[in-house]
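See below for the structure under consideration.
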Amino acid sequence: MRKKIVAGNWKMNNDLKATQLLIENLKGLTLASDVSVMVAPTFVNLTAALDTAATTPIEVIAQNMHFADSGAYTGEISADMLTAVGIKTVILGHSERRSYFGETDAILEKKTKQAIDKGLQVMFCFGEELADRKSGNHFNVVEHQLKNALFSLPETAWSQIILAYEPVWAIGTGETASAEQAQEMHHFIRKTIAAAFSESIAQEVSILYGGSVKPANAVEIFSKPDVDGGLIGGAALVATDFAAIVNAFN
Ligand code: PGA
């Protein structure tokens, strides 16, 4: 079902103590009850984060996983390892995974299939680079990212998918897509999914915006009809800022 979601992607930040402290600080703040709140600490801190968040509505999610069941993949983490510790949602396809770690659409298709098969919910990230936006190719790039990684999924898989549109030029740069640009792309994404699958799947899927969302711009971005929330990087590392973003829905 289409839900309001605000997720914090902590990336490679926060050691054990900082992880526990940030969640403790969030506990002390009022978080809107109609918004699903998620935080994604690093792998080594997932168990501690799950313990600290246990009595709260905050869902602890993972930042990545490998597509294989198990085996000789040094440094990697499998879907079963995540579910075994109590993780229910995994971020896949973040632009930093794509650009620094060579994750292609084909790899992401495998990862997504594996996560779905293992019962995980996938927060699938995608978005164009600055050059694509400047050349007017952004719709085409986004359509291909979705098509290449997600369109081979069965219709039933869509109940386990959250989309996160993150224009690469807006991630960590302080540059945000305008609320109109976000709405325009989110509407395009819904239309693309409706054409490939069905109108009801397109209407049910939550589409988050990510890229320099801050307390100051969240209200406007979240007010758009096709924006169902945000994937937050930098501002998710400060409890009061993250809470303000969670509470930004009208
Ligand atoms: P940012 O990161 O909010 O720091 O731009 C967003 C993200 O990478 O998901």
Side-chain angles (χ1 to χ4, degrees), residues 3-14 19 22-23 35-47 49-50 53 58-68 75-83 85-105 107-127 142 145-146 148-150 153 157-168 170-172 186 189 205-213 227-237 242 245-246:
K3 281 192 213 142
K4 295 176 187 171
I5 299 166
V6 174
N9 175 12
W10 292 1
K11 310 188 180 182
M12 197 171 72
N13 294 297
N14 291 333
T19 296
L22 184 44
I23 295 172
V35 181
S36 298
V37 179
M38 304 176 179
V39 297
T42 57
F43 287 129
V44 288
N45 294 318
L46 285 178
T47 304
L50 283 159
I58 300 167
E59 182 184 346
V60 175
I61 71 174
Q63 297 179 14
N64 182 32
M65 55 158 253
H66 197 267
F67 54 74
E76 292 291 329
I77 305 278
S78 72
D80 286 338
M81 291 170 187
L82 294 178
T83 56
V85 296
I87 295 296
K88 297 190 168 63
T89 303
V90 62
I91 298 172
L92 293 177
H94 191 278
S95 70
E96 288 148 19
R97 297 297 317 170
R98 292 175 190 258
S99 66
Y100 302 147
F101 303 100
E103 295 195 6
T104 59
D105 289 346
I107 291 172
L108 293 169
E109 181 183 37
K110 286 208 250 180
K111 288 190 173 200
T112 304
K113 283 203 166 120
Q114 175 74 347
I116 300 285
D117 285 351
K118 296 291 184 178
L120 284 160
Q121 175 167 249
V122 172
M123 184 177 293
F124 184 82
C125 306
F126 56 98
V142 161
Q145 287 173 326
L146 293 173
N148 294 342
L150 302 183
L153 292 172
W158 282 87
S159 61
Q160 285 164 258
I161 300 224
I162 298 162
L163 297 176
Y165 167 62
E166 299 201 300
V168 178
I171 296 179
H186 284 218
I189 293 162
V205 69
S206 295
I207 309 177
L208 315 185
Y209 169 79
S212 298
V213 178
V227 177
D228 303 308
L231 179 54
I232 320 302
L237 299 174
F242 187 62
I245 295 170
V246 172

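Fair warning: this is a prediction, and the values are worked out from it, not measured in the lab.
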Go through the structure and list residues passing side-chain contact (heavy atoms from CB on, under 4.5 Å) with [X], not counting sequence neighbours.
X: Thr104; answer: Ala106, Ile107
X: Leu150; answer: Thr112, Phe124, Leu146, Leu153, Trp158, Ile161, Leu163
X: Ala49; answer: Thr19, Ile23, Pro41, Val60
X: Leu237; answer: Trp10, Asn13, Asn14

Least distance between heavy atoms, [X] atom then [Y] atom:
X: Ala235; Y: Val213; value: CB-O, 3.5 Å
X: Gly93; Y: Glu103; value: N-OE1, 4.4 Å
X: Ala115; Y: Val90; value: CB-CG1, 4.1 Å
X: Ile207; Y: Ile189; value: CD1-CG2, 3.7 Å
X: Ser78; Y: Ala68; value: CB-O, 3.9 Å
X: Ser95; Y: Val168; value: CB-CG2, 3.8 Å

Side-chain heavy atoms of Phe242 within contact of Val39, under 4.5 Å: yes

N/O donor-acceptor pair under 3.5 Å between Ser36 side chain and Ile5 backbone: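 Such a contact is absent between Ser36 side chain and Ile5 backbone.
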
Polar side-chain atom of Gln160 near backbone of Val122 as donor-acceptor pair, under 3.5 Å: no

From [X] [atom1] over to [Y] [atom2], what is the distance, rounded to the nearest 0.5 angstrom?
X: Lys88; Y: Thr83; atom1: NZ; atom2: OG1; value: 10.0 Å
X: His66; Y: Gln114; atom1: NE2; atom2: CD; value: 9.5 Å
X: Ile116; Y: Lys113; atom1: CD1; atom2: NZ; value: 10.5 Å
X: Asn9; Y: Ile91; atom1: CG; atom2: CD1; value: 4.5 Å
X: Tyr209; Y: Leu231; atom1: OH; atom2: CG; value: 10.5 Å

Only counting residues at least two apart or in another chain, list the ones meeting side-chain hydrogen bond (donor to acceptor under 3.5 Å, both in side chains) with [X].
X: Asp80; value: Lys118
X: Gln145; value: none
X: Asn64; value: Lys111
X: Gln121; value: Thr89

Partner set under ring-ring contact (aromatic ring centres under 6.0 Å, His included) for Tyr165, not counting sequence neighbours: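 Partners of Tyr165 under the ring-ring contact (aromatic ring centres under 6.0 Å, His included) test: His186.
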
Stepwise side-chain contact (heavy atoms from CB on, under 4.5 Å) test for Gln63 and Met12: CA-CA 10 Å; Gln63 297 179 14; Met12 197 171 72; over 6 Å; no

Working for side-chain contact (heavy atoms from CB on, under 4.5 Å), residues Met65 and Ile87: CA-CA 11 Å; Met65 55 158 253; Ile87 295 296; over 6 Å; no

Residue Lys11 excluded, over 12 heavy atoms near NZ under 6.0 Å: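 Buried by this count: over 12 neighbours within 6.0 Å.
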
Verdict with supporting geometry, Ile162 and Met38, side-chain contact (heavy atoms from CB on, under 4.5 Å): CA-CA 12 Å; Ile162 298 162; Met38 304 176 179; 4.0 Å; yes

Salt bridge (Lys or Arg N to Asp or Glu O under 4.0 Å) involving Asp105 - partner list, sequence neighbours excluded: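 Testing Asp105 for salt bridge (Lys or Arg N to Asp or Glu O under 4.0 Å), a comparison that skips the adjacent residues, returns Arg98.
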
